[in-house]
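Take a look at the structure below.
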Amino acid sequence: MAKVHQFDALVIGAGGAGLMAALYATKGGANVAVISKLYPTRSHTGTAQGGIGAALGNLEEDRPLWHAYDTVKGGDYLADQNAAMVLASEAVEAVIELEHMGLPFDRTDDGKISQRRFGGHTSNFGEKPVRRACHAADRTGHMILQTLYQQCIKHNVTFFDEFQVVDTIMNQGACVGVVALQMGTGEMHVFHSKATLFATGGWGRVWSVTSNAHSLTGDGAAAVYRRGVPLQDLEFYQFHPTGIYKMGILITEGVRGEGGVLINGRGERFMEKYAPRIKDLASRDVVSRAIYLELREGNGIKGKDYVYLDVTPNTVNKYLAEAGETRRITESDVEKKLPDILDFCRVYLGVDPVKQPMPIQPTAHYAMGGIPTNIDGQVVTDANWTVLPGMYAAGEVACVSCHGANRLGTNSLVDLVVFGRRGGKHMAEYVKHADFIPLPANPAGEVEAEMSRIRNSSGKTKPYELRQAMQKTMMEKVGVFREAKGIEAAIEEVREMKMRYQNDLVIDDKGSKWNTDLLEAWELGCLLDLAEITAISALNRKESRGAHSREDFKERDDVNWQVHTLIKNCAPAPYAKGIYDPEVNVDKKVDMSLAAEDEKFVPKVRAY
Ligand SMILES: Cc1cc2nc3c(=O)[nH]c(=O)nc-3n(C[C@H](O)[C@H](O)[C@H](O)COP(=O)(O)OP(=O)(O)OC[C@H]3O[C@@H](n4cnc5c(N)ncnc54)[C@H](O)[C@@H]3O)c2cc1C
C-alpha cells in the first residue's frame with residue numbers, strides 16, 4: 001500500500017516557477033510541500049543564461065507597455081494580451097523583489113541593476129533595440145534558483161526531493177493530489193491536497209537536437225493530459241537559433257545582445273537580408289528560419305549544416321562602427337560578460353570565442369504551449385475558461401499564453417516569477433476556504449499496474465531505440481519548418497512507436513531502488529504522448545504563425561486562426577492500450593483587450 005501524505009497545497013517541480021509558488025503559498029499561510037524528481041537546485045532554471053526582462057529603464061527610457069507590445073508582437077499576435085500586460089508590468093516589481101532577496105545582479109557604474117539588449121525587445125513600439133534584460137553575468141537562472149531555494153528553506157517549506165510524480169489524482173471533478181514514486185526506494189506515495197500546482201518545466205527531449213536537460217520529458221503535461229485535462233497550443237515549440245553544432249547546448253542570445261553576429265559560409269552577415277532593421281536581434285523564430293534557409297541554399301560553413309556566431313572583438317567592432325555606434329568591445333569585456341559560454345565552447349568544442357567564431361545550429365528550446373491557465377495560475381479546461389478546481393500550473397509547463405506563438409528571450413524567467421507568485425498567492429487563499437475532497441479508492445492502482453507492466457515487460461525493444469527514433473522523426477518532420485505530408489508521416493511513425501512501447505518493450509533493471517531504467521522508460525511514454533499530440537496540433541493549424549511555420553500554408557491568417565488550440569485525450573483510461581484520436585478544438589479566442597485600447601496592438605503585419 002502506498003504511503004499517504006496530506007498537505008493544503010502541493011507544488012510539483014522545484015524550478016523557478018515551483019519555488020516562487022511554494023514561497024508565496026507558504027507566506028500566505030498554507031501548509032505546502034514541494035515534490036521534485038531532481039534536487040531543487042539542479043532544475044533547468046539554473047541553466048538560464050542571458051537574463052530576465054523588466055522595463056526598469058536603468059540605462060535608457062523604458063516602459064512596461066513597450067515590453068507588453070514587444071511580447072505580443074514577438075508572439076505573432078497569439079498571446080493573450082491581458083496576460084502579456086500582467087507579465088510586463090509585474091516584471092518590474094518581481095525583479096526588484098529578487099534583488100531584495102539578495103540576488104547578485106550585475107551593476108551599472110552608479111550601482112543600479114545592469115541591463116542588456118535581447119532579441120525582439122525594443123523601445124517605443126519597435127523603434128530601436130532597448131536594454132531590458134537584467135543579468136548576473138551569463139548565470140542569471142542559476143542565481144534566481146539559488147536565491148529562491150534559500151528563501152524557501154528560510155520559510156520552512158517542506159521538500160520531497162527525488163520523488164517522481166507519475167500520476168494525477170482526480171475526484172468529483174477536482175484535482176485532489178498526485179501519486180509519486182520515491183526514486184531511492186521504489187515506493188509509491190500518495191499526496192492528498194486541496195490544491196496542486198504543476199511546475200514541471202518543458203519537453204525539449206522530444207527532439208534530437210535540444211538545449212534542454214535530460215530531465216525535461218514533459219511528465220507533468222503528460223500526467224494531466226492522461227487524466228482528461230486539455231493541453232493548449234502545442235504546435236508552437238520554439239527552436240533557439242544558436243545551439244552548439246550537433247550538441248544543442250545553448251549559446252545565449254546575450255552573445256548577440258553584446259554585439260555578436262551570425263555569419264554564413266560566404267562570410268555574409270545574412271540577417272541583414274531577413275530583418276534589415278533589427279538584424280541579428282530579430283525574434284527567435286525569424287532567426288531560426290533564416291539559418292535554415294541559408295543552409296538550404298548551400299550557404300552553411302564549408303557546405304555543412306551550420307553557420308557561425310561571431311563575437312570576436314574585430315568582427316563586432318567592425319559592425320558597430322558601420323552602424324555609427326561609438327561603443328567598442330574588448331576581449332576582456334567578452335570574458336567578463338559571457339564567462340560560462342566561453343567555458344562551454346573551450347571545453348566542448350576546443351573553440352575560443354574571443355578569437356574564433358562558434359559553429360551553431362537551431363536547437364529545440366522552449367514550449368510556448370502547455371496546461372492552459374488563467375492569470376492566477378488556475379487551470380482552465382475549455383473555451384469558456386472553466387476552472388478545474390484544485391489544479392494550478394505555472395512556468396514552462398503552463399500556457400497562460402503570455403508568449404503566444406513565440407516567446408521572446410528573457411520572458412520565461414519573468415513568467416516563472418510573475419505567474420509562479422500569482423499561482424502561489426491564489427492557492428494560499430483558495431485552501432483557506434476549500435475542504436479536502438476525499439481520495440478515490442486505490443488512487444495509485446493504475447500507475448502501479450503500468451509500472452509493473454514496464455518492469456516485467458519481455459519484448460525486444462529497448463527504450464533508447466524508440467527515443468532516438470522519435471527524436472529523429474520529430475526533428476525532421478515537426479521541426480522549424482513543417483508541411484502536411486511530413487507531419488502525417490510523423491504521426492504514423494510515432495503511433496507505430498507507441499504500439500511498440502505498449503507491446504514490445506524490455507528494460508534491463510528489474511529492481512526497485514534507484515531504478516532509472518524504469519523511470520526513463522516511463523518518461524519515454526510521456527515524450528511519445530507529447531510528440532504525437534504536438535504533431536496532431538501542428539497538422540490541424542493551417543497557417544504560419546510564430547514558431548509554427550507551414551510550408552504549405554505560408555501566410556498568417558488572422559481571420560480564421562487567431563484562436564488557441566486545445567487538444568484533449570479521448571482514451572478510456574490513462575494507460576489504455578491502443579491508439580485513440582484526441583479531440584482538437586480551436587474555439588478558444590485570443591484575448592485582444594489591449595488591441596481594443598491601443599491600435600499599436602492590432603495585428604497588421606507579420607512580426608519583422
Ligand atoms: C539552456 C537554457 C537557457 C535558458 N536561458 C533563458 C534565459 O536566459 N532567460 C529566460 O527567460 N529563459 C531562459 N530559458 C528558459 C527557462 O530557463 C525555462 O523555461 C524555465 O527555467 C523553466 O522553469 P520551470 O520552473 O518551469 O521548470 P524547470 O526549471 O525546468 O524545473 C522543472 C522542475 O520540475 C521537476 N519535475 C519534472 N518532472 C517531475 C516529476 N515527474 N515529478 C517531480 N518533479 C518533476 C524537476 O525536478 C524540476 O525541479 C533557458 C532554457 C534553457 C534550457
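In this text the structure is predicted, and so the values were computed from the model without any measurement. Start at 1 and go down the list; that is how both ligands and their atoms are numbered.
The contact set between ligand 1 and Tyr366, taken as ligand atoms under 4.0 Å from a residue heavy atom, comprises 19 (O). For ligand 1, the atoms closer than 4.0 angstrom to any heavy atom of Ala14 are 33 (C), 48 (C), 49 (O). Interface of Ile35 with ligand 1, defined as ligand atoms under 4.0 Å from a residue heavy atom, comprises 43 (C), 44 (N). Taking a cut-off of under 4.0 Å to the non-hydrogen atoms of Asp219, the atoms of ligand 1 that pass are 38 (N), 39 (C), 40 (C), 41 (N). Within ligand 1, counting atoms from 1 as listed, the ones closer than 4.0 Å to a heavy atom of Ala17 are 25 (O). Near Gly395, with a cut-off below 4.0 Å to any heavy atom, the atoms of ligand 1 are 26 (O). Heavy-atom contacts of Gln164 reach the following atoms of ligand 1: 41 (N), 42 (N) (cutoff under 4.0 Å). Close contacts of ligand 1 with Gly15, meaning ligand atoms under 4.0 Å from a residue heavy atom, involve 25 (O), 29 (O), 31 (O), 33 (C), 49 (O).
Of all protein heavy atoms, the one closest to atom 50 (C) of ligand 1 is His365 CE1, 3.6 Å. Regarding atom 27 (O) of ligand 1, its nearest protein heavy-atom neighbour is Gly201 CA, 3.5 Å. In terms of protein heavy-atom proximity, atom 53 (C) of ligand 1 is closest to His44 NE2, 1.6 Å. Closest to atom 43 (C) of ligand 1, if we only count protein heavy atoms, is Lys37 N, 3.2 Å. Here the heavy atom of the protein found nearest to atom 47 (O) of ligand 1 is Ser36 OG, 2.8 Å. Residue, atom and distance of the protein heavy atom nearest to atom 37 (C) of ligand 1 are Thr200 O, 3.4 Å. Counting only heavy atoms of the protein, atom 42 (N) of ligand 1 lies nearest to Val165 N, 2.8 Å. Protein heavy atom closest to atom 7 (C) of ligand 1, with residue, atom name and distance, is Ala48 CB, 3.7 Å.
Close to ligand 1: Asn411, with a non-hydrogen atom less than 4.0 angstrom away. Remark: distances from the non-hydrogen atoms of Glu253 to ligand 1 are all 4.0 Å or more. Not a single heavy atom of Ser215 sits under 4.0 Å from any atom of ligand 1. Ligand 1 lies out of reach of Gly141, whose nearest heavy atom is not under 4.0 Å from it. Under the 4.0 angstrom criterion for non-hydrogen atoms, Gly220 is not in contact with ligand 1. In this structure, Leu216 has a heavy atom closer than 4.0 Å to ligand 1. Under a 4.0 angstrom heavy-atom cut-off, Thr410 registers as being in contact with ligand 1.
When heavy-atom distances to ligand 1 are checked against a 4.0 Å cut-off, Leu250 comes that close only through its side chain, counted from C-beta outward. Only the backbone of Phe163 comes within 4.0 Å of ligand 1, counting heavy atoms alone; no side-chain atom from C-beta on gets that close. Only the backbone of Gln49 comes within 4.0 Å of ligand 1, counting heavy atoms alone; no side-chain atom from C-beta on gets that close. The proximity of Thr45 to ligand 1, defined as any non-hydrogen pair under 4.0 Å, involves the side chain as well as the backbone. Proximity of Arg407 to ligand 1, defined as any heavy-atom pair under 4.0 Å, is confined to the side chain (atoms from C-beta onward). The proximity of Ala199 to ligand 1, defined as any non-hydrogen pair under 4.0 Å, is limited to the backbone.
By the 4.0 Å N-to-carboxylate-O rule, Glu523 lies close enough to Lys37 to be salt-bridged with it.
Evaluated by nearest non-hydrogen atom to atom 11 (O) of ligand 1, the leading choice among Leu413, Leu19, Val397 is Leu413. Compare Gly51, Ala180, Ser412, Ser43 by their heavy atoms: the one nearest to atom 48 (C) of ligand 1 is in Ser43. Across Val178, Val34, Asp138, Thr47, heavy-atom proximity to atom 1 (C) of ligand 1 is greatest for Thr47.
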Pairs of donor and acceptor atoms involving the side chains of residues 142-150, under 3.5 Å and at least two apart or interchain, shall be tabulated with distances.
| residue | atom | partner | partner atom | Å |
| --- | --- | --- | --- | --- |
| Thr147 | OG1 | Met143 | O | 2.6 |
| Tyr149 | OH | Tyr39 | OH | 3.2 |

Show which side-chain atoms of residues 241-249 pair as donor or acceptor with protein atoms under 3.5 Å away, not counting sequence neighbours.
| residue | atom | partner | partner atom | Å |
| --- | --- | --- | --- | --- |
| Thr242 | OG1 | His240 | ND1 | 3.4 |
| Thr242 | OG1 | Ile251 | O | 2.6 |
| Tyr245 | OH | Asp305 | OD1 | 2.8 |

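Side-chain contact between Thr108 and Ser114 is present, with at least one heavy-atom pair separated by less than 4.5 Å. Between Arg455 and Ser512 the shortest side-chain heavy-atom distance falls below 4.5 Å. Counting only heavy atoms from C-beta outward, the side chains of Asn411 and Thr71 approach each other to under 4.5 Å. Using a 4.5 Å heavy-atom threshold, the side chains of Ile169 and Thr196 count as separate. In this structure, the side chains of Met188 and Val166 come closer than 4.5 Å at one or more pairs of heavy atoms. The shortest side-chain heavy-atom distance between Met358 and Cys345 falls under the 4.5 Å cut-off.
For the pair Lys498 and Tyr501, the cation does not sit on the ring face, since its NZ or CZ is not both under 6.0 Å from the ring centre and inside 45° of the axis.
A donor-acceptor pair under 3.5 Å is absent between the side-chain atoms of Asp219 and the main chain of Thr200, judged by distance alone. Judged purely by atom type and a 3.5 angstrom limit, Thr140 uses its side chain to pair as donor or acceptor with the backbone of Gln49. With hydrogens and angles disregarded, a donor-acceptor distance shorter than 3.5 Å links the side chain of Gln115 to the backbone of Ala54. Under a 3.5 Å cut-off, the side chain of Asp280 and the backbone N or O of Leu262 do form a donor-acceptor pair.
The CZ atom of Arg205 lies 8.5 Å from the CZ atom of Arg467; values are rounded to the nearest 0.5 Å. With rounding to the nearest 0.5 angstrom, the NE2 atom of His189 is 10.0 Å from the CD1 atom of Ile35.
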Problem - CA sep, side-chain torsions, deciding dist, call: Glu253, Arg284, salt bridge (charged side-chain N to carboxylate O under 4.0 Å, His left out) - result: CA-CA 9 Å; Glu253 206 165 299; Arg284 290 175 178 173; 2.5 Å; yes
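In this structure, Phe236 has its ring center no closer than 6.0 Å to that of His403.
Below 3.5 Å of separation, one finds an N or O of Gly16 facing an N or O of ligand 1.
Looking at Gln238 and His365, their side chains never bring a donor and an acceptor atom within 3.5 Å of each other.
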